[in-house]
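Below: the structure, in structure tokens.
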Amino acid sequence: MAALESIDAFLSAASRVCCSPFAIFVQIQGCFICLFLALGWSFAAFVRSRVTRRIKRNIERGNSFGFICDDINDLEHSVQVNLPRVSVVMPLKGFGEHNLQNWRSQITSLYGGPLEFLFVVESVEDPAYPPVSMLISEFKDSVNAKIVVAGLSTTCSQKIHNQLVGVEKMHKESKYVLFLDDDVRLHPGTIGALTAEMEKNPEIFIQTGYPLDLPSGSLGSYCIYEYHMPCSMGFATGGKTFFLWGGCMMMHAEDFRKDAYGVVTGLRDGGYSDDMTLAAIAGAHKKLIFSPPVAVFPHPLQSDLTFPRYWNYLRKQTFVLESYIDNINWKMNRALFSSHIYLSWSFVVPYFMAMMHIGAALRAPYSKYPVTEITSSYGLSLSGCLAVCTIVELLAMWNLTKVEVQLCNMLSPEGPRVSLRSYNWGLVFVAMLVDNFLYPISSMRSHFSQTIDWSGIRYHLKRGKVHKIERLNEKGSKFSDLGGKYLYGWPGQLNGLFLWSFSKGFQQWNHTKKGT
């Protein structure tokens with residue numbers, strides 16, 4: 001009884017505090033944040049849905065290849081033979097559950113022009129090396145692909161080092177270079193669509209896209225999905241954007257040959273994040289970043305993605321704001337750092353206040369305190385308003401996900417089907433609270449530590465640039481964060497994983513064929 005009286009007293013005091021003018025402002029602000037997110041996702045869904053309607057119209061008019069191009073005449077040999085040469089550079093590290101399927105989708109492009117694929121690893125002992133070799137051998141008669149051994153990075157992140165070595169090894173006549181992460185599941189017409197946009201508008205500096213996360217069921221995977229969703233607004237503009245995703249970037253090959261705007265030196269000399277560095281260069285020189293509405297890619301997350309791996313991924317994402325190339329870039333990153341921390345906790349705190357109001361209201365009939373003292377109509381009204389705004393926000397997120405699922409299925413009609421039924425929206429709501437609560441903590445830890453572990457390598461920053469690299473090897477994590485890739489060891493413990501991945505990809509392909 002005494003314990004209940006103490007709880008009643010606490011809830012009464014907390015509810016009164018949560019009805020102060022400042023607390024009311026915080027709760028109303030939380031409602032506006034929810035509505036702003038809902039508005040952004042609704043606009044993004046509108047942009048993506050225009051593409052699905054256009055593809056449907058093309059198919060209805062007899063263009064069965066509407067998922068590749070709007071005008072079927074663009075597939076004529078006389079047009080295809082004049083397409084520019086594209087080099088696709090894929091920096092690799094480790095081997096995981098979805099890699100083989102992703103690599104297949106990347107090298108089986110329906111682009112009709114000259115095309116080469118460069119798989120870049122740091123050494124032949126990388127677990128990715130054997131399966132990539134087998135894949136290239138399988139397609140050796142139809143695909144121009146090769147493995148490039150880059151060696152160890154000394155002045156920048158290993159990913160950037162692999163990218164730059166890949167650029168050095170690309171064909172001398174390549175007009176465009178496309179950087180792809182190994183967790184990108186490409187559509188058959190993606191390379192053609194990106195190239196066509198570059199040809200149409202030579203002012204484009206970088207073209208990019210964004211992933212559609214497919215949660216595996218764990219809370220960590222839903223936290224990653226929720227983390228990416230607000231960013232997806234910036235990539236669903238249908239054109240010009242200020243955002244850049246390193247998983248898919250197409251650029252002019254000549255910019256790397258001539259080190260235009262310092263793209264090579266900016267990346268090589270202390271670069272940690274490829275996309276943040278290139279976005280800063282684009283902003284400094286007022287260059288155009290373009291995100292076509294068809295550039296959305298299914299991104300299956302590891303089936304056993306644990307919460308610690310999510311936390312390390314979040315640490316890597318917040319750590320990029322600690323890297324910068326100049327003073328202006330530093331100021332912009334500090335502004336992003338501060339605003340993101342403020343908005344994240346401004347989003348979460350109203351839900352804790354609502355819990356106080358609801359808890360006080362539930363205990364009111366059993367409390368010795370007067371009802372008017374233990375709970376307030378203001379508090380319940382604010383809680384109700386927050387609940388309505390949250391439902392509107394979740395509906396907008398659901399709608400955007402539905403539209404992107406439809407778009408991905410239309411762009412890859414013979415690929416594995418993506419389904420909205422696999423999403424657990426209760427876990428999505430929990431992930432929203434968890435992710436926004438942890439983001440400021442991760443940001444502050446990144447700011448004060450200036451170190452991060454990334455795929456078995458520890459990077460130390462100094463004045464925004466990589467100045468020390470430690471190879472943890474077997475001492476560090478044996479798995480990557482998102483893909484759960486094995487970072488060390490072959491063939492013993494990876495033989496089973498490779499065969500399982502291969503058989504799974506074959507079963508999905510066979511199932512798709514039977515359904516068509």
Only pairs under 3.5 Å count here: list side-chain donor-acceptor contacts from residues 396-403, not counting sequence neighbours, and write none if there are none.
| residue | atom | partner | partner atom | Å |
| --- | --- | --- | --- | --- |
| Thr401 | OG1 | Tyr225 | OH | 2.6 |
| Thr401 | OG1 | Met397 | O | 2.8 |

Asp259 (side chain) donor-acceptor with Val263 (main chain) under 3.5 angstrom: yes
Arg315 to Ser446 - nearest heavy-atom pair and separation: NH1-OG, 2.6 Å
Qualifying ring pair (Phe, Tyr, Trp, His ring centres under 6.0 Å) pairs with a residue from residues 275-297, counting only residues at least two apart or across chains: His187-Phe297, Tyr261-His285
For Phe139, all residues meeting side-chain contact (heavy atoms from CB on, under 4.5 Å), sequence neighbours excluded: Arg104, Ile107, Thr108, Leu135, Ser142, Val143
Under 3.5 Å side-chain donor-acceptor pair for Asp70 and Asn58: yes
Donor-acceptor under 3.5 Å (Gln80 side chain, Asp74 main chain): yes
Partner set under side-chain hydrogen bond (donor to acceptor under 3.5 Å, both in side chains) for Tyr227, not counting sequence neighbours: none
Name of the residue among His252, Glu254, Glu199 meeting side chain to side chain donor-acceptor pair (under 3.5 Å) with Lys175: Glu199
Verdict with supporting geometry, Gln163 and Val120, side-chain contact (heavy atoms from CB on, under 4.5 Å): CA-CA 7 Å; Gln163 289 173 323; Val120 189; over 6 Å; no
Pro84 to Tyr176 - nearest heavy-atom pair and separation: CG-CE1, 3.7 Å
Between CG on residue Asp435 and OG on residue Ser442, distance to nearest 0.5 Å: 9.5 Å
Residue among Ser344, Ser346, Ser338, Ser339 satisfying side chain to side chain contact (heavy atoms under 4.5 Å, CB included) with Tyr342: Ser346
Parallel, tilted or perpendicular: ring planes of Phe243 versus Phe235, cut at 30 and 60 degrees: tilted
Nearest atoms (heavy-atom pairs only) where Ser174 meets Met170: CB-SD, 4.5 Å
Backbone N/O of Ser323 and side chain of Asn333: donor-acceptor pair under 3.5 Å: yes
Polar side-chain atom of His161 near backbone of Ala150 as donor-acceptor pair, under 3.5 Å: yes
Phe429 and its ring-ring contact (aromatic ring centres under 6.0 Å, His included) partner, picked from Tyr222, Tyr423, Tyr351: Tyr351
Nearest-0.5 Å distance, CD of residue Gln158 to CG of residue Leu92: 11.0 Å
Residues which pass side-chain hydrogen bond (donor to acceptor under 3.5 Å, both in side chains) with His340, listed by chain and number, not counting sequence neighbours: Tyr439
Enclosure of Leu395 CG (heavy-atom neighbours >12, cutoff 6.0 Å): yes
Side-chain heavy atoms of Arg50 within contact of Val47, under 4.5 Å: yes
Val392 and Leu35, any side-chain heavy atoms less than 4.5 Å apart: yes
From CG (Asn436) to SG (Cys223), nearest 0.5 Å: 9.5 Å
Validation row, ring centre Phe307 to ring centre Tyr310 under 6.0 Å: yes
Leu278 CG to Lys287 NZ distance, which is reported to the nearest 0.5 Å: 13.5 Å
Nearest heavy atoms of Tyr272 and Lys316, plus distance in Å: OH-O, 3.9 Å
Main-chain N/O of Ile160 paired to Asp274 side chain as donor or acceptor, under 3.5 Å: no
N-O pairing of Lys159 and Asp181 below 4.0 Å: yes
Aromatic ring pairing His447/Phe337, orientation class (parallel under 30°, perpendicular over 60°, tilted between): tilted
Atom CE of Met410: over 12 foreign heavy atoms under 6.0 Å: yes
Expected output: side-chain Thr241 to main-chain Gly234 donor-acceptor under 3.5 Å: yes
Stepwise side-chain hydrogen bond (donor to acceptor under 3.5 Å, both in side chains) test for Gln106 and Asn102: CA-CA 6 Å; Gln106 291 169 355; Asn102 293 339; over 6 Å; no
Heavy-atom side-chain contact between Lys93 and Asn162 under 4.5 Å: no
Pair Asp269 + Lys465: basic N to acidic O under 4.0 Å: no
Approximate separation, where rounding is to 0.5 Å, of Phe319 CZ and Leu461 CG: 3.5 Å
salt_bridge(Glu60, Arg57) N-O dist < 4.0 Å: no
Side-chain donor/acceptor of Arg417 to backbone N/O of Asn409, under 3.5 Å: yes
Glu168 and Arg257 ion-paired at < 4.0 Å: no
Check: Thr318 main-chain N/O paired with Ser443 side-chain donor or acceptor under 3.5 Å: no
SG-CG distance between Cys248 and Leu178, expressed to the nearest 0.5 angstrom: 5.5 Å
Side-chain heavy atoms of Thr208 within contact of Ser291, under 4.5 Å: yes
Glu404 side chain near Tyr210 side chain, heavy-atom distance below 4.5 Å: no
Shortest non-hydrogen separation from Arg48 to Val294 and the atoms involved: NH1-N, 4.5 Å
Contact check, side chains of Leu194 and Pro292, non-hydrogen atoms, under 4.5 Å: yes
Side-chain touch Thr306/Ser218, heavy atoms, less than 4.5 angstrom: no
Backbone of Leu305 reached by a side-chain donor or acceptor of Ser221 within 3.5 Å: no
Close side-chain approach of Ile136 and Phe117, heavy atoms under 4.5 Å: no
Trp345 atom CH2, over 12 foreign heavy atoms within 6.0 Å: yes
Working for side-chain hydrogen bond (donor to acceptor under 3.5 Å, both in side chains), residues Asp183 and His98: CA-CA 7 Å; Asp183 55 2; His98 303 289; over 6 Å; no
side-chain hydrogen bond (donor to acceptor under 3.5 Å, both in side chains) against Asp275, all qualifying residues, sequence neighbours excluded: Ser273
Heavy-atom donor-acceptor pair, Trp41 side chain to Met229 backbone, under 3.5 Å: yes
Closest contact, heavy atoms only, Met250 versus Thr195: CE-OG1, 3.6 Å
Check: Asn201/Glu197 side-chain N/O donor and acceptor closer than 3.5 Å: no
